[in-house]
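Below is one structure; the comments refer to it alone.
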Amino acid sequence: MKLFLREQFPLIMVYLAQLVLITLVYRLDGGSGLNVSLYAALLSTCLLIGYLAYRYVTNRTFYERLETTPSSLDEAGGPAQDSPLAVSLRGLLGSQFRLYKNDLHSYRHKLEEHIHFINQWVHGMKTPLSVIHLIIQDKDGPPFTAIGDELDRLKKGLDTVLYTARLDTFEHDFYVERLNLETIVRGVTSEQKRLFIRKRVFPAIQIDEQITVTTDEKWLTFVLTQLITNAVRYTTEEGKHVFFQGMVTEDKQTVLEIRDEGVGIPAGDLPRVFDAYFTGVNGRTFQESTGMGLYLVKQICGKLGHEVSIRSEEGSGTTVRIVFREQHITNLTNV
């Protein structure tokens, strides 16, 4: 109604001005019948009100649709009334919507092709890395050790690209099962032994053998790899530890805490550590930082139904806490 009145406001103003002008002309012409003038004005006003009422009724849904935001694309086709204005607008919106859907389909197809290319490229790059690793695995000496370290860095970089590309299609690429938490953690730390040895940092695992979690092993392994890489990377002193502690809280929730003895995170950076591409103060000091590690950790944990949080004190290390929520992951498997 408000939109209709705003649209018709100029017409009402012109009508009032015209009414005043005609009345003045009538008076200047010598007419003295005030009652006749008022009666003519009343009749004219009734005609105006009737016209406005007819316009509003015939275009009521048109104005209501303009004043509301459609909740879905299917509701964006325009008003259903048959007034000329509504029909013309519905045709225009329909043609625009078809163009939009065609463009959207084209872009989605290009995006899917791009993701498929990225996946194929990453898998193609892993083959020569595996071959190089086999060639040097029996070799000794600093050059071969350095090559092995660089191969590990390349593999982690390729995994980051691969998992980032797969994140949007996560629901089609996960398998939930009941897993032993200690086994997963020990397996990941074993895979990262070269990193621990290079930095002379040692893992310390304190997890009960009976603790199990419901999760996807592949995605959780990637999450732990990212967290271990960060913990070791930002531990500058030799002989320090990365502590893995698993526990079951009083409300029966399984928790895994990963605590390092590194440089810590400045308080001003903590609220943004899970943002994509955010590197912060430490990222400028340690040039290997990409700002994607913790972002992927947050996104993957969210999709798995796990809650991840971080606390840190500059100079005293960082603790990442993962809470495994069983109910959420059960609902996810039923979708």
Side-chain angles (χ1 to χ4, degrees), residues 1-115 164 167-171 268-278 291 295 298-299 302-303 331 335:
M1 187 65 175
K2 292 181 180 179
L3 180 61
F4 173 76
L5 291 177
R6 288 201 303 269
E7 184 194 18
Q8 301 299 331
F9 182 76
L11 174 63
I12 296 173
M13 291 296 99
V14 170
Y15 164 77
L16 292 177
Q18 179 182 351
L19 185 63
V20 171
L21 181 62
I22 293 176
T23 303
L24 290 176
V25 170
Y26 178 75
R27 298 287 293 178
L28 291 174
D29 193 42
S32 59
L34 179 61
N35 292 335
V36 174
S37 299
L38 293 177
Y39 182 67
L42 178 61
L43 291 178
S44 179
T45 303
C46 290
L47 289 175
L48 175 66
I49 293 175
Y51 167 76
L52 293 178
Y54 169 76
R55 290 284 297 177
Y56 178 72
V57 170
T58 56
N59 294 285
R60 179 171 52 86
T61 57
F62 167 72
Y63 290 106
E64 290 176 352
R65 183 66 62 88
L66 291 179
E67 291 182 316
T68 58
T69 302
S71 58
S72 66
L73 292 177
D74 294 335
E75 297 180 5
Q81 286 181 303
D82 294 328
S83 64
L85 182 61
V87 171
S88 298
L89 180 63
R90 185 164 62 245
L92 175 62
L93 292 179
S95 62
Q96 293 293 329
F97 181 63
R98 286 190 294 271
L99 291 174
Y100 167 76
K101 287 204 301 184
N102 291 336
D103 288 344
L104 185 63
H105 178 75
S106 175
Y107 284 122
R108 182 181 290 119
H109 180 67
K110 290 180 181 179
L111 180 60
E112 291 175 353
E113 287 185 343
H114 177 71
I115 293 176
T164 303
L167 198 58
D168 290 336
T169 57
F170 176 86
E171 290 77 8
D269 289 348
L270 274 176
R272 300 179 59 192
V273 292
F274 291 117
D275 293 347
Y277 306 111
F278 178 75
Y295 167 77
K298 182 72 171 181
Q299 295 298 313
K303 290 180 178 295
N331 294 337
V335 174

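Residue numbers run from 1 in the order of the sequence given. Every heavy atom of this structure was used, including side-chain atoms; hydrogens, water molecules and symmetry mates were not.
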Partner residues of His105 under the side-chain hydrogen bond (donor to acceptor under 3.5 Å, both in side chains) criterion, sequence neighbours left out: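 Partners of His105 by the side-chain hydrogen bond (donor to acceptor under 3.5 Å, both in side chains) criterion come out as none, since no residue qualifies.
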If the condition is side chain to side chain contact (heavy atoms under 4.5 Å, CB included), which residues does Leu167 pass it with, not counting sequence neighbours?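 Applying side chain to side chain contact (heavy atoms under 4.5 Å, CB included) to Leu167 gives Trp219, Leu296, Gln299, Ile300, Lys303.
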Which residues pass the side chain to side chain contact (heavy atoms under 4.5 Å, CB included) test with Asp275, sequence neighbours left out?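 For Asp275, the residues satisfying side chain to side chain contact (heavy atoms under 4.5 Å, CB included) (neighbours in sequence not counted) are Arg272, Phe278.
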OH (Tyr295) with more than 12 external heavy atoms under 6.0 Å: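 Counting other residues, nucleotides and ligands, OH of Tyr295 stays at 12 neighbours or fewer.
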Nearest 0.5 Å please: distance from the NZ atom of Lys101 over to the CG atom of Leu104.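 The NZ atom of Lys101 sits 10.0 Å away from the CG atom of Leu104.
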